[in-house]
Undergrad: 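Following this message is one structure expressed as C-alpha cells.
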Amino acid sequence: MAGTLVDSNVILDVLTADRAWGARSSAALEQAANEGPLYINPIIYAEVSIRFARIEEMEEALPPDSFARLPLPLEAAFLAGKAFLAYRKKGGARRSTLPDFFIGAHAAVAGLRLLTRDASRYRTYFPSVSIVAIGQP
C-alpha cells in the first residue's frame with residue numbers, strides 16, 4: 001500500500017495553528033499529500049477527536065476524501081503489543097501510552113510511510129517504517 005499514515009500530533013498542530021509546530025506540520029502535510037494518499041486510523045481519529053464537540057465538526061475538518069480511513073489490522077495490534085513490551089522491558093516510562101505503538105505498528109504492517117514529529121520512538125521500535133520526520137522549530 002502506498003501513501004502516508006499521518007500521526008495525530010501533525011494533524012493537531014495544523015488544526016490548532018500551533019505557534020511552534022503549525023507551519024512546519026502544515027508544509028509537511030501538504031508535501032505528503034502531493035506524494036500520495038493520506039491515511040488515518042481509529043487511534044489517530046480518537047486522539048484528534050478531543051478537539052471537537054461533535055463528530056460532524058471532525059468530519060468537516062478531516063474529510064474522508066482528504067484523509068482516508070483505514071481499519072487497524074489485528075497484525076498491527078499484535079505487533080504494537082510486542083513493541084510496547086520491549087519498550088517497557090528497556091525501562092520505558094509508564095506515562096508513555098500504547099497509542100503511539102498502535103500507530104507505528106499499523107504503518108509497519110500496512111507498508112505506509114509515517115508523518116510525525118515524534119520520530120525517535122518510531123525509529124527505535126519500528127525500524128522498517130519509512131519515517132517522514134518534522135524537525136524542531
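Throughout, residue positions are numbered sequentially from 1 according to the sequence presented.
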Undergrad: Enumerate donor-acceptor pairs with a distance under 3.5 Å from any side-chain N or O in residues 64-80 to protein atoms, sequence neighbours excluded.
TA:
{"from": "Arg69", "atom 1": "NH1", "to": "Leu62", "atom 2": "O", "distance (Å)": "2.9"}
{"from": "Arg69", "atom 1": "NH1", "to": "Phe67", "atom 2": "O", "distance (Å)": "2.6"}
{"from": "Arg69", "atom 1": "NH2", "to": "Glu59", "atom 2": "OE1", "distance (Å)": "3.2"}
{"from": "Arg69", "atom 1": "NH2", "to": "Glu59", "atom 2": "OE2", "distance (Å)": "2.9"}
{"from": "Arg69", "atom 1": "NH2", "to": "Leu62", "atom 2": "O", "distance (Å)": "2.8"}

Undergrad: Return each pair, listed once, that meets ring-ring contact (aromatic ring centres under 6.0 Å, His included) where at least one residue sits in residues 108-133; pairs must be two or more places apart or across chains.
TA: Tyr87-Tyr125, Phe101-Tyr125
Undergrad: Start with the C-alpha distance between Ile40 and Ile11, add both sets of side-chain angles, then the distance that settles side-chain contact (heavy atoms from CB on, under 4.5 Å), and finish with yes or no.
TA: CA-CA 10 Å; Ile40 60 174; Ile11 296 169; 3.7 Å; yes
Undergrad: Mark yes or no for whether Asp7, through its side chain, and Val10, through its backbone, hold a donor-acceptor pair below 3.5 Å.
TA: no
Undergrad: Salt bridge (charged side-chain N to carboxylate O under 4.0 Å, His left out): which pairs involve residues 33-42, sequence neighbours left out?
TA: Glu35-Arg113
Undergrad: Kindly check if the number of other-residue, nucleotide or ligand heavy atoms within 6.0 Å of CD (Glu56) is above 12?
TA: yes
Undergrad: Listed by chain and number, what are the side chain to side chain contact (heavy atoms under 4.5 Å, CB included) partners of Ala133, not counting sequence neighbours?
TA: Ala119, Arg123, Ile131
Undergrad: Ile44 and side-chain contact (heavy atoms from CB on, under 4.5 Å): which single residue from Ile103, Leu12, Asn9 fits?
TA: Ile103
Undergrad: If you apply the rule side-chain contact (heavy atoms from CB on, under 4.5 Å), what do you find for Leu114 with Val132, and how did you get there?
TA: CA-CA 6 Å; Leu114 178 60; Val132 180; over 6 Å; no
Undergrad: Starting from the C-alpha separation in whole Å, work towards a yes-or-no answer on side-chain contact (heavy atoms from CB on, under 4.5 Å) for Glu60 and Glu57.
TA: CA-CA 5 Å; Glu60 186 176 320; Glu57 295 168 357; 5.7 Å; no
Undergrad: Roughly how far, to the nearest 0.5 Å, is OH of Tyr39 from CG of Leu5?
TA: 10.0 Å
Undergrad: Atom CG in Asp118, atom OG in Ser8: separation rounded to 0.5 Å?
TA: 8.5 Å
Undergrad: Which residues pass the side chain to side chain donor-acceptor pair (under 3.5 Å) test with Asp13, not counting sequence neighbours?
TA: Ser25, Arg117
Undergrad: If Ile, Leu, Val, Met, Phe, Trp and Tyr residues are connected whenever their side-chain heavy atoms lie under 4.5 Å apart, and connections chain through other members, are Val48 and Leu98 in the same group?
TA: yes
Undergrad: For Thr124 and Lys90, run side-chain contact (heavy atoms from CB on, under 4.5 Å): C-alpha distance rounded to whole Å, both residues' side-chain angles, the deciding distance at 0.1 Å, then the answer.
TA: CA-CA 12 Å; Thr124 299; Lys90 285 184 174 181; 4.2 Å; yes
Undergrad: Could you pull out all residues at least two apart from Ser26 that satisfy side chain to side chain contact (heavy atoms under 4.5 Å, CB included)?
TA: Val14
Undergrad: Atom OH in Tyr45, atom CG in Asn41: separation rounded to 0.5 Å?
TA: 12.5 Å
Undergrad: Quick one: which of Val6, Thr4, Ile134 gives a side-chain contact (heavy atoms from CB on, under 4.5 Å) with Leu29?
TA: Val6
